[in-house]
Amino acid sequence: MEQSIESYIRNLVRDVIGQTLGGLQIQGDRQTYVIANWKMNKTLAETAEFFQELNSSKDVTVVVCPPAQLLYPAHLFIKQSGKPVHLGAQNVHWADKGAYTGETSISMLKDVGCEYVIIGHSERRQYAGEDDSLVNMKVKQALSAGLTPIICIGETLEQKNSLQTEEVLASQLFGALNKIDSSQFIIAYEPVWAIGTGQSATAELAQQTHTYIRSVLKQIFGEKAESISILYGGSANESNAAEYSKMPDIDGVLVGGASLKAKSFDGMIKVFAKGDQN
Ligand code: PGA
């Protein structure tokens, strides 16, 4: 909680300075995140065990996103452990409440201690038919409740092979951020071909793509785009984390498979915590 107030103030100061000094370049002071996306994995007992084993670190912002029914117990386990870990959800509905069977509202997420919410993950785009305008509605909903959206974008292998990566990313960004003034969100670049495949993007390719993403964010938000964290996701693990952490525009990672074991997730936290102190 303390850390999120601190980061809120830091971002606010950055925004104000950015507006006052117009073209000033504000670099190297973006928040670094290591975020776990557990997807549809883990029981209650496994969740308890994970938080017992996790060490975490104050030097990066660590967020764990369990499935919806494990959010509240996870909140309690985190509180009990006293470890610097924040809670995030994997999805949210765009409406405040009502007749939406099986859905979870933003106030429900807030109620159980969530500060972050993943929106527009490619698996939701693929299996639940989410498109950019739905993503946009969900981002607005999260921002209005003060939760930080982690907005996922990324191209498929087919789009990559037909050299459409930039076009796809730009259209996903303009769609997700339509009529949004606040820059209090996180972007996760997750090439679909790299998710769960073991075929991670090289750190150089990810850096190059993040530079492009930031250029699009600059078209929308001007210099405020310098303060938006852009994470890489897609088969990130303990072995490749160090390479990503060295890149100036890779501000952390969104981790699926390698976040399920506390030890390997901790390994990645350590890598980024070290990078942040350099
Ligand atoms: P992965 O998943 O690390 O298992 O590739 C990442 C994600 O989908 O967020």
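Read the numbers this way: they start at 1 and go in the same order the structure lists the ligands and their atoms.
Heavy atoms of Ser235 come nearer than 4.0 angstrom to ligand 1 in at least one pair. Using a non-hydrogen distance threshold of 4.0 Å, Gly234 registers as a contact of ligand 1.
For ligand 1 and His121, the ligand atoms under 4.0 Å from any heavy atom of the residue are 7 (C), 8 (O), 9 (O). Each of the following atoms of ligand 1 lies closer than 4.0 Å to a heavy atom of Leu254: 9 (O). Interface atoms of ligand 1 facing Glu190, defined by a heavy-atom separation under 4.0 Å, are 6 (C), 7 (C), 8 (O), 9 (O). Atoms of ligand 1 lying under 4.0 Å from at least one heavy atom of Gly257, given by number and element, are 1 (P), 3 (O), 4 (O). Heavy-atom proximity to Asn37, at under 4.0 Å, picks out these atoms of ligand 1: 9 (O).
Looking from atom 3 (O) of ligand 1 to the surrounding protein, the closest heavy atom is Gly256 N, 2.8 Å.
When hydrophobic clusters are built by joining Ile, Leu, Val, Met, Phe, Trp and Tyr residues whose side-chain heavy atoms come closer than 4.5 Å, directly or via intermediates, Tyr100 is not grouped with Ile119.
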Practice problem: Using the salt bridge (charged side-chain N to carboxylate O under 4.0 Å, His left out) rule, take Lys138 and Glu130 through it: C-alpha gap first, then chi angles, then the decisive distance, then the call. | Solution: CA-CA 10 Å; Lys138 293 183 174 199; Glu130 294 196 1; 2.7 Å; yes
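Relative ring orientation between Trp38 and Phe51 is described as tilted, the plane-to-plane angle lying within the 30° to 60° band.
Checking His121 against Glu190 by side-chain atom types alone, a donor-acceptor pair falls below 3.5 Å. Using modelled atom types and a 3.5 Å distance limit, the side chains of Asp249 and Gln207 yield a donor-acceptor pair.
Judged by the 6.0 Å and 45° rule, Lys140 forms no cation-pi pair with Trp94.
Residue Gly196 has at least one N or O atom closer than 3.5 Å to an N or O atom of ligand 1. At least one N or O atom of Lys39, backbone or side chain, sits closer than 3.5 Å to an N or O atom of ligand 1.
Val139 and Pro149 make their closest contact through CG1-CG, 4.0 Å (heavy atoms, listed as atom of the first residue, atom of the second, distance).
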